[in-house]
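See below for the structure under consideration.
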Amino acid sequence: MLWVAVALLLITLPIVLLTSIILLVGDNENKDLSGYTVNGQCTVSGGTVSAKGVDFFEENAKGGALEGKGDYIIKSAKKHKIDPKIFISIISHETGYGKSELVKTHNNPAGLMGDGDPFKFDTIEEGIDAAAKNLYDLYFSEGLNTVDKIQKKYAPIGVANDPNDLNSNWAPTIKKIMKSYDGKDSKKECSSNSGGKDIKFNGKLPGWSNSSPGKNNLYTAGQCTWYAYGIRQKMGKPVSTFWGDAHNWNDRAKQEGYKVNKTAKPGALFIAERGAGGHDNYYGHVAIVIGVSDNGNKFKISEMNWEGEYKVNERTVTMTDGYSFIHDKE
């Protein structure tokens with residue numbers, strides 16, 4: 001199942017289940033996704049899956065764990081602020097319309113995993129909600145709200161863990177399935193993050209010693225995360241010791257109330273998604289911004305493990321897709 005095998009990008013964050021919203025549909029009606037706003041992030045409005053599209057899903061889902069769940073998948077998309085047509089198409093593809101083993105045995109339609117083992121949900125509705133919540137947290141909330149944009153993070157082309165180039169088929173396949181669901185595309189808009197606040201930094205990093213990496217630093221010694229955590233603590237702007245690999249930090253920071261955006265500022269944490277700008281295809285990267293130039297298009301960072309474990313260096317980076325910055329929280 002590609003959702004699990006490609007990069008496991010939809011499986012790493014804690015899951016929060018929300019209450020459901022009921023949609024009533026007539027034989028010839030469209031399910032309408034009305035406008036809604038995300039706190040300082042992105043908005044999705046409009047967007048439909050036609051009754052004919054739901055019938056198409058149910059015909060293909062017969063005999064599987066998702067039979068009779070087409071309407072609920074669309075309700076969950078609305079509830080979790082994601083495009084219903086994209087969501088139902090991804091679920092259709094990744095689970096074989098509910099025929100995969102994981103969805104049948106674990107009510108898990110997205111390959112969501114905990115500490116090495118797949119999550120097992122009590123009901124298929126809980127599994128659908130968890131998948132929608134994760135898709136929002138890791139993609140739609142960041143403005144990755146089209147199939148092509150989702151692919152760049154979820155199933156990037158040319159990465160080392162895809163030697164047979166299977167990822168190149170992902171977006172075309174999802175788009176083809178979407179056509180079967182009919183209805184209108186949603187409208188997407190993004191705004192700056194209103195949560196948290198800008199970081200205040202005097203421009204001089206505190207001293208660093210590998211023998212004193214900061215209290216309760218549980219990150220792997222010598223890695224970029226180990227250094228970034230320790231420096232922010234020494235700056236008096238601590239972050240969590242439980243954010244995991246670098247590419248997860250921006251999502252987890254947003255969940256904890258930090259300001260996260262695309263604007264580099266001294267003192268902010270620089271986050272590179274997996275493979276972005278030539279950074280690691282599995283872990284991503286994190287560093288500390290120490291200077292900004294060229295109207296924010298270039299920024300200077302202090303980092304560890306770019307030139308080797310335990311080694312601290314500075315370099316100048318040019319802004320590109322897949323970069324973001326963690327500032328401060330109220």
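Note that the structure is predicted; figures quoted are calculated from it, not measured.
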Worksheet item: Does Tyr282 offer a backbone N or O that forms a donor-acceptor pair with the side chain of Arg274 under 3.5 Å?
Response: yes
Discussion item. Could you check whether atom NZ of Lys152 has more than 12 heavy atoms from other residues, nucleotides or ligands sitting under 6.0 Å from it?
Written reply: no
Practice prompt. Kindly confirm or rule out a cation-pi arrangement of Lys81 over Phe140, judged by NZ or CZ under 6.0 Å from the six-membered ring centre and within 45° of its axis?
Written response: no
Item to complete: Determine whether the side chains of Ser324 and Asn250 contain a donor N or O and an acceptor N or O closer than 3.5 Å.
Response: yes
Item to complete: Could you note down all residue pairs passing salt bridge (Lys or Arg N to Asp or Glu O under 4.0 Å) where residues 158-179 supplies at least one of them, sequence neighbours left out?
Response: Asp148-Lys175
Worksheet entry | Ile326 reachable from Phe270 in the ILVMFWY side-chain graph, under 4.5 Å edges | no
Item to complete: For residues Trp249 and Tyr219, establish whether the separation of their ring centroids is below 6.0 Å.
Response: yes
Worksheet item: Which class fits the ring pair Trp243 and Tyr258: parallel under 30°, tilted 30 to 60°, perpendicular over 60°?
Response: perpendicular
Worksheet entry | Approximate separation, where rounding is to 0.5 Å, of Leu138 CG and Lys254 NZ | 8.5 Å
Worksheet item: salt bridge (Lys or Arg N to Asp or Glu O under 4.0 Å) with Glu67: which residues, sequence neighbours excluded?
Response: none
Worksheet item: Just by distance, with hydrogens left out, do Tyr154 and Asn167 show a side-chain donor and acceptor under 3.5 Å apart?
Response: no
Practice prompt. May I have all residue pairs that pass salt bridge (Lys or Arg N to Asp or Glu O under 4.0 Å) and include part of residues 290-308, sequence neighbours excluded?
Written response: Lys300-Glu314, Glu303-Arg315
